[in-house]
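For the single chain, residues carry numbers from 1 onward in sequence order. Keep in mind it's a predicted model, so treat the numbers as computed, not measured.
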Amino acid sequence: MTDLLISRVALLDERHPTDVLIRDGVVDDVGAELTVPVGGEHLDGSGGTLLPGLWDHHIHLTALAASLDS
């Protein structure tokens with residue numbers, strides 16, 4: 001699995017953009033001015049918020065609520 005550096009992202013508990021390094025699918029480091037590992041990929045977050053776990057965020061909440069009621 002390729003290493004990935006996501007730079008300039010806001011985390012939910014921080015006000016200032018930071019960098020997040022992901023190695024082998026796991027967050028390895030969080031901090032300012034991290035560098036892209038050799039052979040790694042870089043994604044500029046452009047100040048957007050990084051949200052974990054929204055891998056497939058296309059869901060139908062109304063249908064889910066209806067199924068719980070039936």
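- Within the 4.5 Å cutoff, the side chain of Leu21 has no heavy atoms near those of the Val27 side chain.
- Every residue two or more places apart in sequence or in another chain that forms a side chain to side chain donor-acceptor pair (under 3.5 Å) with Ser7 is listed here: His42.
- In this structure, Val26 and Asp28 have side chains that are not in contact, with every pair of non-hydrogen atoms separated by 4.5 Å or more.
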Show the numbers, then the answer: is there a side-chain contact (heavy atoms from CB on, under 4.5 Å) between Leu5 and Leu43?
-> CA-CA 6 Å; Leu5 176 67; Leu43 177 65; over 6 Å; no

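- Scanning all heavy atoms of the two residues, the minimum distance from Thr2 to Gly39 falls at CG2-O, 3.7 Å.
- Linking ILVMFWY residues whenever their side-chain heavy atoms come closer than 4.5 Å, directly or via other members, places Leu50 and Val30 in the same cluster.
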Show your reasoning for whether side-chain contact (heavy atoms from CB on, under 4.5 Å) applies to Ile22 and Asp3.
-> CA-CA 6 Å; Ile22 300 171; Asp3 296 337; over 6 Å; no

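- Closest non-hydrogen pair, Ala10 versus Gly47, comes out as CB-O, 4.2 Å.
- Considering every non-hydrogen atom in both Val36 and Glu41, the closest pair reads CG1-O, 3.9 Å.
- Between the side chain of Thr49 and the main chain of Leu11, no donor-acceptor pair closer than 3.5 Å is present.
- With rounding to the nearest 0.5 Å, the separation of CG in Asp44 from CD1 in Ile6 is 10.5 Å.
- Using a cutoff of 4.0 Å between basic side-chain nitrogens and carboxylate oxygens, Arg8 and Asp19 are not scored as salt-bridged.
- Residues Leu51 and Leu12 approach most closely at CD2-CD2, 3.8 Å, considering heavy atoms.
- Following chains of ILVMFWY side-chain contacts shorter than 4.5 Å, one cannot reach Leu4 starting from Leu34, and the two form parts of different hydrophobic clusters.
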